[in-house]
Asker: 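Have a look at the structure that comes next, please.
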2 protein chains.
Amino acid sequence: MAEIEEFFKSAFSVDNVIFGFDQVDLKVILIRRGASPFKDKWALPGDLVYPNEDLDVAAARVLAELVDLRGVYLEQVQAFGAVDRHPLGRVITVAYYSLIKIQDDVLHASSWAEVARWHSIQDALELDLAFDHRTILEACFERLQRRVKTQPVGFELLPVAFTLTELQQLYEAILGVPMDKRNFRKKILAMNILVDLNRLQEGVAHRPAKLYQFDPDRYEALTKDGFTFQI
Amino acid sequence: MAEIEEFFKSAFSVDNVIFGFDQVDLKVILIRRGASPFKDKWALPGDLVYPNEDLDVAAARVLAELVDLRGVYLEQVQAFGAVDRHPLGRVITVAYYSLIKIQDDVLHASSWAEVARWHSIQDALELDLAFDHRTILEACFERLQRRVKTQPVGFELLPVAFTLTELQQLYEAILGVPMDKRNFRKKILAMNILVDLNRLQEGVAHRPAKLYQFDPDRYEALTKDGFTFQI
DNA sequence: GCAAAAGTGTTTACAGTACACCCATGG
DNA sequence: CCATGGGTGTACTGTAAACACTTTTGC
């Protein structure tokens with residue numbers, strides 16, 4: 001049986017799986033570690049939680065140190081608490097994932113910037129990551145795959161204005177399955193949660209597609225009436 | 001910015017929502033607190049995590065101190081980490097829920113026993129619980145409601161041998177909705193995951209019902225073939 | 001005029017839903 | 001013989017799935 005002081009010799013951290021979509025692949029940000037332990041291994045962005053800082057705030061801070069964006073989707077996945085998961089002491093970590101809109105300048109010019117890189121989810125899952133970060137990454141990816149089927153969170157990964165083909169490609173990239181174009185469009189448009197912007201794509205060497213925008217208010221209203229999003 | 005030692009002045013705990021089913025109501029175990037803070041309030045069973053103890057093990061220990069059962073379903077839900085959630089210091093808690101088969105002697109003759117009581121989930125959700133335990137209870141209940149629709153975990157709450165009516169009443173109690181008897185039976189039996197035990201109920205003042213048992217091996221095999229459980 | 005992706009409907013199959021009566025047992 | 005819950009089938013409806021061609025634009 002441990003003395004009460006013993007319980008306070010542990011620390012907690014947050015790790016954040018930051019997802020983005022570059023019109024082709026689902027991607028995550030990894031950090032090349034510059035120090036021991038696991039020097040030179042890729043790792044998830046994370047940090048210890050400050051003593052007077054809420055868990056969610058710590059996760060948002062980790063994100064903000066890497067990425068210059070506001071109002072980003074952030075969801076806790078679960079805690080990882082194996083005794084030996086950190087070689088230097090007892091550290092329980094709480095995993096989060098974020099969904100961001102990739103833009104050219106999205107990776108901050110911070111001290112992290114030079115060691116942070118986007119990796120496709122497939123590549124990242126095959127890397128020998130630091131700590132138990134592979135397990136964490138898998139858990140977060142599976143959570144995203146489930147979430148995206150029943151909640152309208154996919155839009156967080158796309159520009160505000162997007163085409164239906166882009167939306168379909170996003171779902172195909174996340175779920176790893178091809179979808180039927182006509183059925184996909186029928187289903188999404190029937191939900192009545194997209195606004196037709198009456199604008200067209202520009203600069204493409206083919207017939208330009210119509211641009212749409214997700215309407216959160218309409219979604220909320222429908223939800224109150226018993227509607228459930230379902231891909 | 002805090003000194004590194006500051007990070008180690010926090011503790012973590014686990015709290016466990018233990019669900020049972022008494023053929024009528026979905027129930028949870030609550031503990032009447034005997035000490036400050038929140039003396040005399042109802043609370044979830046929980047404890048600090050030992051320095052050399054895995055999170056999952058700590059949750060199982062909390063359960064084992066209350067209930068005399070082996071091989072119980074246990075699932076982590078999420079961490080709760082608001083700075084002020086514990087009045088005496090920084091304590092992050094990780095919430096779990098367990099599903100157990102209620103038997104007459106299930107509540108241990110431990111020091112806890114005299115302060116531990118089963119409450120119906122409806123009653124428990126209306127109580128003024130200690131700490132943020134109401135939020136935790138809500139999160140665990142919602143998780144159970146979602147889980148039970150797509151995973152065959154309901155059987156953990158029933159005796160090994162059960163009738164289809166008992167199974168239906170369980171789902172109605174968890175989800176809070178009435179179901180159609182014929183459709184429910186059709187759906188469950190079509191899944192082919194139950195074994196007909198060729199035994200009948202005894203001691204009932206009406207036509208005795210057939211007894212069934214869940215077959216985990218058959219479920220596993222079907223799952224590998226793409227079958228998904230769905231209520 | 002050619003390459004490239006946008007856009008569009010119909011048919012078919014399956015799963016969900018609604019619904020009412022007879023049966024077996026204990027008391 | 002009566003009260004209680006057990007057990008069963010069918011018709012209807014709506015959603016998911018399969019599937020191919022025409023249109024618009026840039027070059």
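On a predicted model such as this, the values are computed, not experimentally measured, just so you know. Below, read A as the first sequence line, B as the second, and so on, with proteins coming before strands; counting in each chain starts at 1.
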Asker: Whole Å only: how far is the CD atom of B/Gln168 from the P atom of D/dG5?
Answerer: 14 Å
Asker: Using atom CD of B/Gln169 as one end and atom C1' of D/dG5 as the other, report the distance to the nearest whole Å.
Answerer: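 Atom-to-atom, B/Gln169 to D/dG5, this comes out as 10 Å.
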Asker: Counting side-chain heavy atoms from C-beta on, which of D/dA18, C/dC19, C/dA4 comes nearest to B/Asn183?
Answerer: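 In terms of side-chain proximity for B/Asn183, the closest of D/dA18, C/dC19, C/dA4 is C/dC19.
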Asker: Do the side-chain N or O atoms of A/Thr165 get closer than 4.0 angstrom to the phosphate oxygens (OP1, OP2) of C/dA6?
Answerer: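 Answer is yes, contact under 4.0 Å.
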Asker: Report the residue from B/Leu158, B/Leu99, B/Ile174 that forms a side-chain contact (heavy atoms from CB on, under 4.5 Å) with B/Phe21.
Answerer: B/Leu158
Asker: Specify the separation, in whole Å, of atom CZ of A/Phe162 and atom P of C/dA6.
Answerer: 14 Å
Asker: How many whole angstroms separate atom CZ of A/Arg182 from atom P of C/dA5?
Answerer: 18 Å
Asker: Do any side-chain nitrogens or oxygens of A/Arg185 fall under 4.0 Å of OP1 or OP2 in C/dG7?
Answerer: yes
Asker: On the 0 to 90° scale, with breaks at 30° and 60°, tag the B/Phe19-B/Phe141 ring pair as parallel, tilted or perpendicular.
Answerer: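 Correct class here is tilted.
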Asker: Could you tell me how far apart B/Lys187 (NZ) and D/dT8 (C1') are, to the nearest whole angstrom?
Answerer: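 It works out to 18 Å between those atoms.
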Asker: Does the base of D/dG7 carry an N or O that pairs as donor and acceptor with the side chain of B/Lys181 under 3.5 Å?
Answerer: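 Between D/dG7 and B/Lys181, which were checked side chain against base, a qualifying N/O pair under 3.5 Å is present.
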Asker: Can you identify which nucleotide, out of C/dG26, C/dA5, D/dT24, has its nearest atom closest to the A/His206 side chain?
Answerer: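 The nucleotide sitting nearest to the side chain is C/dA5.
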Asker: Could you state the CE-P distance from A/Met191 to D/dT15, rounded to the nearest angstrom?
Answerer: 12 Å
Asker: Would B/Trp42 and B/His133 count as a close aromatic pair, with their ring centres under 6.0 Å?
Answerer: no
Asker: Name the orientation class of the two ring planes belonging to B/Phe214 and B/Tyr219 (parallel below 30°, tilted from 30 to 60°, perpendicular beyond 60°).
Answerer: tilted
Asker: Between A/Pro208 and A/Asp180, name the one whose nearest nucleotide on DNA chain C is closer to the 5' end.
Answerer: A/Pro208
Asker: Closest nucleotide of DNA chain D for B/Leu164 versus for A/Gly203: which of these residues is on the 5' side?
Answerer: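 Per heavy-atom nearest nucleotide, the more 5' residue is B/Leu164.
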Asker: Choosing from C/dT10, D/dA20, D/dG7, which nucleotide comes nearest the side chain of A/Lys186?
Answerer: C/dT10
Asker: How long is the line joining CD of B/Gln201 and P of D/dG7, in whole Å?
Answerer: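 Going from CD in B/Gln201 over to P in D/dG7 covers 8 Å.
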Asker: For a quick check under 3.5 Å, do B/Thr223 and B/Arg218 share a side-chain donor-acceptor pair by atom type?
Answerer: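 Not at all, the side chains of B/Thr223 and B/Arg218 share no donor-acceptor pair under 3.5 Å.
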Asker: Reckon B/Thr163 touches a base, only the sugar-phosphate, or nothing at all at heavy-atom distances under 4.0 Å?
Answerer: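 The residue B/Thr163 makes no contact with any strand.
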Asker: Report the distance from atom CE of A/Met179 to atom P of C/dG7, rounded to the nearest whole Å.
Answerer: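 Distance, rounded to whole Å: 18 Å.
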